[in-house]
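Worksheet: one structure, shown below.
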Amino acid sequence: MYPRSRIFPARLLHGNIFPGTKRAISPFSSGDTSEPRFTELISKQHWSKLKPHLKNTSPSTLLQHLLNSMADPDLTLRYFKWSQKEFNLSHPMESTFRLLHSLANHKKYSRMRSLLNGFVKSGSSISIHSIFHAISMSGDSFCANSIIADMLILSYVYNMKTHLGFEAFKRAGDYEFRLSVLSCNPLLSALVKESEVGDMEYVYKEMIRRRIEGNVISFNIVINGLCKVGKLNRASDLIEDMKAWGISPTVITYNTLIDGYCKKGRIGKMYKADAVLKKMIASNVRPNEITFNILIDGYCKDGSILSAMKVFGEMQNQGLKPNVVTYNSLINGLCCEGRLDEAISLQDEMVSLGLKPSIVTYNALINGYCKRSMVKEASDLFDDIARQGIAPSAITYNSLIDGYCKDGRMEDAFGLHKSMMERGISPDVSTYNCLIGGLCREGNRKGVRKLVDEMLNKGLRANVITYNILVDALCKEGESRKASRLLDEMVKKGLSPNHVTFNTLMDGYIREGNLKAALNLRTRMEKEGKQANVVTYNVLISGFCKKGKLEDANGLLNEMLEKGLIPNRTTYEIIKEQMMDKGFVPDIEGHLYSISAYS
DNA sequence: TTAGGGTTAG
């Protein structure tokens with residue numbers, strides 16, 4: 001059963017093998033009658049009696065002997081753990097894997113997991129290659145090799161060392177270790193959570209190539225990953241693929257795709273989400289509470305409370321009970337539209353149904369008050385929830401801090417920042433973004449610099465929003481050149497500028513009359529795969545208007561409509577104030593009438 | 001080991 005003859009030359013096992021160890025004092029040397037005594041001491045955990053013997057023999061030597069003597073792996077493991085702790089040492093990796101092989105051969109899987117967890121936690125800098133080499137050299141059971149490798153990957157993932165788990169997954173192919181869904185699914189899931197969707201796709205493809213049998217959960221995770229990065233068609237196709245593999249999509253599969261359309265879909269996304277719902281029903285998969293919650297939230301975020309309310313009614317017609325999440329989505333939707341009275345009525349309704357508002361409910365309401373400049377009400381609600389014994393979250397603080405900042409009450413905002421730290425809630429990047437935004441509005445450059453330094457000193461990294469705030473502030477101060485340097489800096493730091501970044505800087509160029517720079521920036525943005533959106537068009541149309549190039553502005557307007565982009569209030573204000581009031585009637589057939597709706 | 005709600009930027 002043990003591979004010693006193959007792996008370890010005989011002379012290593014039977015001779016005086018360990019440097020500094022004399023044969024005479026080796027506890028298991030041949031003819032030594034004390035072997036049963038040692039195993040007895042270990043099994044009875046008489047460590048104090050065992051310890052004196054380890055003055056002459058190194059703890060690792062004893063471990064080697066236990067492994068060679070084919071002692072009960074439980075006993076060896078017990079000694080392994082005690083000796084590591086007692087002598088604050090790490091046994092050689094080879095011994096660890098010989099022990100793992102022994103445990104695998106006895107099907108002691110939970111013991112293996114715990115041993116591997118310890119190995120992974122010890123954070124050794126040994127390469128995956130060396131580890132896998134050690135695994136294959138310390139046992140001759142092909143099956144045990146694979147089980148150890150599988151569990152090792154799982155340990156990496158559980159200990160938040162996903163990159164090592166991924167590396168091990170890649171290398172496992174070279175050693176022909178056969179992995180299973182037990183490690184692959186958690187690895188796929190961790191990669192999605194860490195936004196490493198490219199790596200997730202690699203794992204998925206390799207699973208197929210290596211014939212690792214995935215299950216419905218594997219597909220659900222991959223579909224979720226694809227949805228998170230907006231690859232909705234691919235996600236949709238995968239549902240067909242899984243059917244072809246004989247795996248039936250579940251309610252979770254469909255919910256994931258519906259949520260993908262709600263959150264990442266483009267034009268007509270709610271129509272597409274609804275189409276998935278219909279397909280799901282046609283496949284005899286019944287929607288559950290979560291399906292309805294996803295749709296309700298989707299309609300709310302799409303600005304259609306009316307549709308959300310219809311779905312809310314349909315959900316109840318189907319005999320499904322709305323829960324806290326359902327109400328939170330609706331309350332937040334109403335708050336975002338400034339319909340606070342209705343939001344509060346819904347809160348009353350949920351309480352009357354026996355549902356307890358959560359911190360998420362209160363955060364939505366606090367934010368709603370702040371957005372309508374009702375900072376007093378927001379702050380009263382903040383105090384009220386504290387009195388109820390509900391712990392505010394970082395988001396609660398951030399919402400109120402932002403409310404104070406936008407109200408110009410920077411002292412109060414910093415007071416809350418201080419008190420959140422006193423309560424043990426760490427300010428995050430959003431907290432700093434709110435405060436930095438407040439100081440920018442005041443034109444307090446020195447304060448901004450100090451705050452950015454404080455944030456970085458805390459180990460927090462500026463994100464895209466931080467940069468966008470700073471870019472905007474510089475543009476508003478007429479320093480678009482400096483702002484463009486910030487754009488380069490963020491790219492250098494590995495952040496990818498988004499629509500807001502480009503549109504803000506474009507707006508800065510337009511303010512300074514530099515239409516050419518704005519148009520160049522649009523080209524750069526599209527080269528980077530970001531198509532102009534409504535805000536981009538508004539900025540550029542306004543830029544042309546300011547230069548008196550109304551025909552060009554009209555051309556852009558048509559281009560925007562042809563792309564299916566829906567003009568917003570700002571678009572119509574530009575049309576009215578910068579075109580029509582100047583006697584130019586834009587040629588945008590059929591769309592002109594909408595202007596009256598905004599005026 | 002898989003799905004849903006709350007904060008910050010144009």
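Residue numbers begin at 1 in each chain, while the letters A, B, ... track the order of the sequences.
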- prompt: Can you check the N538(A) CG to dG10(B) P distance for me, whole Å?
  reply: 14 Å
- request: Using a heavy-atom cut-off of under 4.0 Å over every strand shown, decide if I359(A) touches base, sugar-phosphate, or nothing.
  value: base
field: Atom pair distance, as rounded to whole Å: CD1 in I425(A) and P in dT7(B)
entry: 17 Å
message: Can you measure L238(A) atom CG to dT2(B) atom C1' for me and round it to whole angstrom units?
response: 13 Å
query: Between R461(A), E454(A), M455(A), which is the residue that forms a side chain to side chain contact (heavy atoms under 4.5 Å, CB included) with K458(A)?
result: E454(A)
- request: Rounded to the nearest angstrom, tell me the gap between atom CD1 in I331(A) and atom P in dG6(B).
  value: 12 Å
- prompt: Side chains of N520(A) and T523(A): is there a donor and an acceptor less than 3.5 Å apart?
  reply: no
message: So S358(A), base contact, sugar-phosphate only, or nothing? Heavy-atom distance under 4.0 Å.
response: base
query: So does K371(A) get a side-chain nitrogen or oxygen closer than 4.0 Å to the phosphate oxygens (OP1/OP2) of dT8(B)?
result: yes
task: Look at N332(A) and dG6(B) and indicate whether a side-chain polar atom (N or O) is within less than 4.0 Å of OP1 or OP2.
output: yes
message: By the 4.0 Å heavy-atom rule, please label S430(A) as base, sugar-phosphate, or nothing.
response: base
message: Could you tell me if S399(A) and N363(A) have a donor-acceptor pair between their side chains, going purely by distance under 3.5 Å?
response: no
- request: Would you classify N288(A) as touching base, sugar-phosphate or nothing, given that sugar-phosphate means primed atoms plus P, OP1 and OP2, and contacts are heavy atoms under 4.0 Å?
  value: base
field: Step-by-step ring pair (Phe, Tyr, Trp, His ring centres under 6.0 Å) determination, H163(A) to Y156(A)
entry: CA-CA 8 Å; H163(A) 58 291; Y156(A) 280 133; 8.1 Å; no
